[in-house]
Amino acid sequence: MSDARRHLPVVPTASSLNPDGSRNRVHPADVSGRFVRWRYVVFAALVAIWAAAPWVRINGRPAVFLDVARRQFFLFGGAFNAQDVWLMFFVLTAIGLSLVAVTTTLGRVWCGWACPQTVFLEGMFRRIERWVEGPRNARLRRNAAPMSWDKAWRKGLKHALFVLSALFVAHVFLSFFVSMPSMLEMMGRSPAEHPEAFGWVMVVSALLYGNFAFFREQLCLIVCPYGRLQSVLTDEDSLVVGYDAVRGEPRGKPRDPDAGDCVDCKRCVVVCPTGIDIRNGLQLDCIGCTACIDACDAVMDKLGRPRGLVRYDSMNGLRHRAKRVFRPRLLLYGGLILAWAVGAWAAFGAHTSFEANLLRLRGAPFHLVDDGEVVRNLFTVHLVNKADEAATFRVEAADGSPGVATIEPATRRVRALGDADISVRVDVPRGDRAAGQQVRLRVSRDGEEPTVLEAPILGPAR
């Protein structure tokens with residue numbers, strides 16, 4: 001065991017839970033520094049992109065519009081319908097693979113910088129709390145004091161602003177599913193005219209308010225499974241937020257010549273949004289927010305000591321060991337991402353602007369007409385226009401199709417993301433019908449490459 005490791009004190013892990021299991025409500029102190037400034041820039045950019053997505057129009061549609069009621073989906077200029085839901089497999093696997101690869105290389109950077117829970121809690125709700133109730137020490141003193149006018153109006157104003165913020169987030173969220181113009185129209189009408197939308201907004205707002213006003217870090221510690229996966233996704237060379245025990249231990253007074261650089265000011269603890277002590281090593285509760293880095297750097301600056309006692313580094317780096325950049329698991333993840341890219345390229349490349357299916361009508365599989373001399377089969381061509389514009393389709397008999405095909409109508413205009421049916425009657429002389437015969441129809445859309453549909457021609461045994 002290293003000298004630094006022997007000098008580490010054995011202390012209980014600070015967290016949002018007391019030793020008896022009760023909740024220890026976390027009130028992180030304010031902190032400033034380069035990482036905090038960049039995080040707020042990232043938060044503002046993410047919220048701006050999220051809030052603007054329902055307003056920005058691409059090809060005449062919102063950048064993101066998930067019209068579940070009509071089973072029509074618009075994503076950054078692309079139009080999709082219910083038949084394209086299978087493509088969600090590639091979207092979801094992309095998210096999963098990205099989280100795995102990013103966590104292995106950069107640790108929990110997603111949690112600290114881009115997770116909606118962190119973005120809204122730190123970038124919106126806690127900023128409101130600090131603005132209304134003041135810094136950490138003032139909040140703690142006020143919470144411990146009996147009810148007073150000062151305490152009542154500050155708490156009331158804070159929670160009123162929390163409710164308004166939750167309503168804002170819920171309305172923007174709902175606009176992804178009903179479109180922003182429809183949302184604004186609904187807001188100007190009675191809730192009774194749109195009970196489903198109103199109910200969803202109220203439920204989502206209540207959940208958001210309860211989460212960001214009270215539950216807070218418990219969502220990360222108890223509900224979210226991602227933090228529990230951190231131990232299997234990271235290794236000794238993953239970039240994490242950590243404490244340099246070799247340099248910092250043993251802790252002591254600034255003027256103690258035998259002490260390390262850590263003066264045990266606990267500044268890194270009081271700024272932590274989950275209440276942990278980063279000096280106790282890598283912990284599941286750490287979301288990689290970097291607040292402890294800025295807090296420790298500020299103390300080191302005052303003491304005239306080098307920054308980086310708490311820093312972004314790998315566990316090997318924090319132990320002053322050699323660090324590896326390339327390692328087997330990264331090669332494995334790279335191979336998986338490459339396989340995903342090939343599959344996604346093939347899947348999205350096969351995405352067509354329309355679908356056509358040849359369906360046999362319900363009822364008798366065939367009919368005998370003209371005194372039994374002609375075998376008649378009845379079909380329907382079901383057309384689905386998957387493009388975000390109206391299109392004209394033409395259905396005609398393809399080369400080699402037996403009998404006479406009567407198509408009504410042969411040309412059909414189908415609205416954007418709509419569907420239509422075309423009736424097809426195929427008559428084959430009974431004496432000419434043979435086993436294995438198939439009707440062949442060619443379907444084309446506005447001069448695009450046609451598709452050929454086939455179906456067996458059924459009839460009586462000869």
Side-chain angles (χ1 to χ4, degrees), residues 42-43 45-120 169-170 172-180 183 200 204 207 219-220 223-230 232-233 329-330 332-355 384-389 416-417 419:
V42 172
F43 292 169
L46 291 175
V47 172
I49 293 171
W50 166 77
W55 292 94
V56 175
R57 302 184 77 83
I58 302 176
N59 297 333
R61 299 282 188 174
V64 179
F65 180 26
L66 309 176
D67 192 351
V68 178
R70 295 184 177 88
R71 296 180 294 280
Q72 300 172 359
F73 312 98
F74 306 92
L75 298 173
F76 306 106
F80 306 90
N81 63 3
Q83 285 82 1
D84 299 319
V85 170
W86 66 277
L87 293 174
M88 282 297 297
F89 167 80
F90 293 96
V91 176
L92 296 177
T93 52
I95 295 173
L97 287 173
S98 298
L99 280 177
V100 169
V102 168
T103 304
T104 301
T105 54
L106 303 178
R108 293 184 69 175
V109 66
W110 159 261
C111 294
W113 291 76
C115 176
Q117 172 74 7
T118 302
V119 170
F120 287 113
V169 175
V172 175
F173 176 74
L174 186 63
S175 70
F176 283 87
F177 299 91
V178 299
S179 82
M180 185 57 75
M183 169 61 69
W200 274 106
V204 172
L207 291 175
L219 183 74
C220 303
V223 178
C224 181
Y226 178 56
R228 300 298 178 263
L229 295 174
Q230 178 183 224
V232 297
L233 295 178
R329 66 166 59 194
L330 290 184
L332 173 62
Y333 297 155
L336 292 175
I337 292 173
L338 179 61
W340 172 88
V342 172
W345 176 81
F348 282 92
H351 180 261
T352 59
S353 59
F354 74 94
E355 286 191 10
V384 179
N385 182 12
K386 298 164 66 175
D388 192 20
E389 58 184 1
L417 294 169
D419 60 348

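Nothing fancy with the numbering, it's 1 onward along the sequence.
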- Task: Evaluate the side chain to side chain contact (heavy atoms under 4.5 Å, CB included) criterion for residues Leu75 and Leu66: first the C-alpha distance (whole Å), next the side-chain angles of each, then the deciding distance (0.1 Å), finally the verdict.
- Result: CA-CA 8 Å; Leu75 298 173; Leu66 309 176; 3.8 Å; yes
In Å and rounded to the nearest 0.5 Å, what is the [atom1] to [atom2] distance from [X] to [Y]?
{"X": "Arg329", "Y": "Leu336", "atom1": "CZ", "atom2": "CG", "answer": "12.5 Å"}
{"X": "Trp345", "Y": "Phe90", "atom1": "CH2", "atom2": "CZ", "answer": "12.5 Å"}
{"X": "Tyr333", "Y": "Leu233", "atom1": "OH", "atom2": "CG", "answer": "5.5 Å"}
{"X": "Asp419", "Y": "Lys386", "atom1": "CG", "atom2": "NZ", "answer": "13.0 Å"}
{"X": "Ile58", "Y": "Phe74", "atom1": "CD1", "atom2": "CZ", "answer": "12.5 Å"}
{"X": "Leu92", "Y": "Leu87", "atom1": "CG", "atom2": "CG", "answer": "11.0 Å"}

Tell me, yes or no, whether the heavy-atom count around [X] atom [atom1], taken from other residues, nucleotides or ligands under 6.0 Å, exceeds 12.
{"X": "Phe177", "atom1": "CZ", "answer": "yes"}
{"X": "Trp200", "atom1": "CH2", "answer": "no"}
{"X": "Arg228", "atom1": "CZ", "answer": "yes"}
{"X": "Phe89", "atom1": "CZ", "answer": "no"}

To check you understand the geometry: which heavy-atom pair defines the closest contact between [X] and [Y], and what is its length?
{"X": "Pro54", "Y": "Pro62", "value": "O-CB, 3.7 Å"}
{"X": "Val47", "Y": "Phe120", "value": "CG2-CE2, 4.3 Å"}
{"X": "Phe65", "Y": "Ser179", "value": "CE1-N, 3.4 Å"}
{"X": "Ile337", "Y": "Ala101", "value": "CD1-CB, 4.0 Å"}
{"X": "Phe354", "Y": "Asn385", "value": "CB-CA, 4.5 Å"}
{"X": "Ala79", "Y": "His351", "value": "O-CE1, 3.9 Å"}

- Residues Thr103 and Tyr226: side-chain donor-acceptor under 3.5 angstrom: yes
- Query: Looking at side-chain heavy atoms only, is the closest gap between Val204 and Leu174 below 4.5 Å?
  - Reply: no
- Query: Between Arg71 and Gln83, is there a donor-acceptor pair closer than 3.5 Å when you use the side chain of the first and the backbone of the second?
  - Reply: no
- Between the side chain of Thr118 and the main-chain N/O of Trp113, is any donor-acceptor distance below 3.5 Å?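 Checking the backbone N and O of Trp113 against the side chain of Thr118, no donor-acceptor pair under 3.5 Å is found.
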- Item | Derivation of the side chain to side chain contact (heavy atoms under 4.5 Å, CB included) call for Asp67 and Phe73 | CA-CA 6 Å; Asp67 192 351; Phe73 312 98; 5.9 Å; no
